[in-house]
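Values reported hereafter were calculated over all heavy atoms of this structure, with side chains retained and with hydrogens, waters and symmetry mates removed. From a predicted model like this one, the values you see are computed outputs, not experimental measurements.
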Amino acid sequence: MKIKRPKPIHIGSHSELFDEIAGEQLENIVSEKFSEKSYVAAYFDNCVRIGTWENKDWHFADDFRINHKYIQKIRVFNRQSEFLAWRSRGILKGRFRQDDEKQSGTDALEVYQLLYGTKMRPYQNGFSIISEERGFRLALPFENLDAGKRICIRTRNYIGQNGAGQATYCDCRFLAFSDGENDLL
């Protein structure tokens, strides 16, 4: 499998922090920031779920419903922006990052993170399953995945400076799922 090489870019980008997200605020923030279909990568105490955010609601395989108290981290993303929420000392915090392709000011590196799963099969309601022989299984919100290609998450890693003035990654966001050559839609 051939995956594109990391690609350095110079892009306009800004972020907004959320100190505490309680109850239904999570859905309200996501509704405010994402009016079009976007993807979701959700990490819970006992599982990982991949789905979509559409029509102001979460959509996962098997009609899985989010229980806020079990969220460790959740990312809602599309090519232009990402909302990331994470649990820290029992409190859900967040960050919204939006890029502007027409502006410049931030250096970043785009890379492809390969997902586990070499076997693919159609599932239900627009989802497919990728799996490994040793038991790993993940439902993805795509139909008709090419069994000859591995699935990746295309990420954008933002470069900043640490306290010593050294270049380092200061943030990372998901952009899209990809087959290593083209984004999946």
Side-chain angles (χ1 to χ4, degrees), residues 6 9-101 103-116 138-141 152-178 183:
I9 61 171
H10 196 70
I11 191 167
S13 184
H14 67 277
S15 62
E16 173 185 359
L17 295 176
F18 296 83
D19 290 332
E20 187 172 345
I21 303 167
E24 299 303 313
Q25 277 186 303
L26 177 63
E27 284 79 3
N28 293 338
I29 292 168
V30 173
S31 289
E32 177 186 314
K33 304 293 185 187
F34 296 91
S35 58
E36 61 189 47
K37 177 182 174 180
S38 297
Y39 295 99
V40 179
Y43 307 81
F44 299 95
D45 290 343
N46 63 345
C47 65
V48 174
R49 293 292 181 141
I50 305 294
T52 60
W53 172 262
E54 291 181 87
N55 303 318
K56 299 185 177 190
D57 198 12
W58 312 107
H59 300 277
F60 296 99
D62 303 320
D63 295 321
F64 179 83
R65 302 308 308 164
I66 287 181
N67 185 330
H68 292 109
K69 71 180 182 177
Y70 298 120
I71 294 173
Q72 290 182 6
K73 180 170 50 174
I74 188 166
R75 293 176 182 267
V76 181
F77 61 96
N78 57 36
R79 290 182 180 148
Q80 294 78 36
S81 55
E82 178 193 66
F83 177 74
L84 165 65
W86 65 93
R87 187 159 310 281
S88 176
R89 297 181 183 199
I91 298 171
L92 206 57
K93 299 180 177 200
R95 183 266 295 138
F96 176 74
R97 179 172 283 277
Q98 186 165 34
D99 294 338
D100 185 345
E101 305 278 336
Q103 301 291 319
S104 64
T106 302
D107 290 316
L109 190 65
E110 286 189 8
V111 298
Y112 292 81
Q113 308 280 329
L114 192 60
L115 292 178
Y116 282 112
L138 186 64
L140 297 176
C152 307
I153 298 176
R154 184 163 60 107
T155 65
R156 185 167 288 160
N157 301 278
Y158 300 86
I159 300 170
Q161 290 186 349
N162 64 16
Q166 298 169 319
T168 187
Y169 291 132
C170 61
D171 199 2
C172 172
R173 81 171 185 88
F174 290 5
L175 281 91
F177 288 95
S178 169
D183 289 348

For D62, all residues meeting side chain to side chain donor-acceptor pair (under 3.5 Å), sequence neighbours excluded: Y123, Q124

Those residues at least two apart in sequence (or on a different chain) that pass salt bridge (Lys or Arg N to Asp or Glu O under 4.0 Å) with R79 are D183

About how many Å separate CD1 of I21 and CD1 of I29, when rounded to the nearest 0.5 Å? 4.5 Å

How many angstroms lie between SG in C170 and CD1 in I159, if you round to the nearest 0.5 Å? 8.5 Å

Kindly indicate, with the supporting measurements, whether the criterion side chain to side chain contact (heavy atoms under 4.5 Å, CB included) is fulfilled by I74 and V30. CA-CA 11 Å; I74 188 166; V30 173; over 6 Å; no

For the CZ atom of F174 and the CG atom of L84, what is their distance to the nearest 0.5 Å? 9.0 Å

Who pairs with D63 by side chain to side chain contact (heavy atoms under 4.5 Å, CB included), at least two apart in sequence or on another chain? none

Would you say N78's side chain and S38's backbone share a donor-acceptor pair under 3.5 angstrom? no

For H10 versus S104, what's the shortest heavy-atom pair and its separation? CD2-CB, 3.3 Å

List the atom pairs, with distances to 0.1 Å, where a side-chain N or O of residues 53-60 and a protein N or O form a donor-acceptor pair under 3.5 Å, not counting sequence neighbours.
from: W53; atom 1: NE1; to: F34; atom 2: O; distance (Å): 3.4
from: E54; atom 1: OE2; to: T52; atom 2: OG1; distance (Å): 3.2
from: D57; atom 1: OD1; to: R65; atom 2: NH2; distance (Å): 3.0
from: W58; atom 1: NE1; to: E27; atom 2: OE2; distance (Å): 2.9
from: H59; atom 1: NE2; to: E54; atom 2: O; distance (Å): 3.1

With sequence neighbours excluded, what pairs up with T106 under the side chain to side chain donor-acceptor pair (under 3.5 Å) test? none

Using ring pair (Phe, Tyr, Trp, His ring centres under 6.0 Å) as the criterion, list what pairs up with F177, not counting sequence neighbours. Y39, F77, F142

Contacts of I9 meeting side chain to side chain contact (heavy atoms under 4.5 Å, CB included) (sequence neighbours excluded), chain-then-number -> K7, I11, A108, E110, R156

Atom pair CG (D171) and CD (E82), whose distance is rounded to the nearest 0.5 Å: 7.5 Å

My understanding is that only residues two or more places apart in sequence, or in another chain, count here; which of them pass side chain to side chain contact (heavy atoms under 4.5 Å, CB included) with Q161? none

S88: what forms a side chain to side chain contact (heavy atoms under 4.5 Å, CB included) with it, not counting sequence neighbours? W86, K93

What side-chain donor-acceptor pairs closer than 3.5 Å can you find for residues 43-50, not counting sequence neighbours?
from: D45; atom 1: OD1; to: Q72; atom 2: NE2; distance (Å): 3.3
from: R49; atom 1: NH1; to: A61; atom 2: O; distance (Å): 3.4

Should E101 and Q80 be marked as a side chain to side chain contact (heavy atoms under 4.5 Å, CB included) after you check the CA-CA gap, both sets of side-chain angles, and the distance that decides it? CA-CA 8 Å; E101 305 278 336; Q80 294 78 36; over 6 Å; no

Without placing hydrogens or testing angles, list every side-chain donor-acceptor pair under 3.5 Å for residues 13-20, not counting sequence neighbours.
from: S13; atom 1: OG; to: R97; atom 2: NH1; distance (Å): 2.6
from: S13; atom 1: OG; to: D99; atom 2: OD1; distance (Å): 2.6
from: E16; atom 1: OE1; to: K33; atom 2: NZ; distance (Å): 2.9

For the CZ atom of R75 and the CZ atom of R173, what is their distance to the nearest 0.5 Å? 10.0 Å

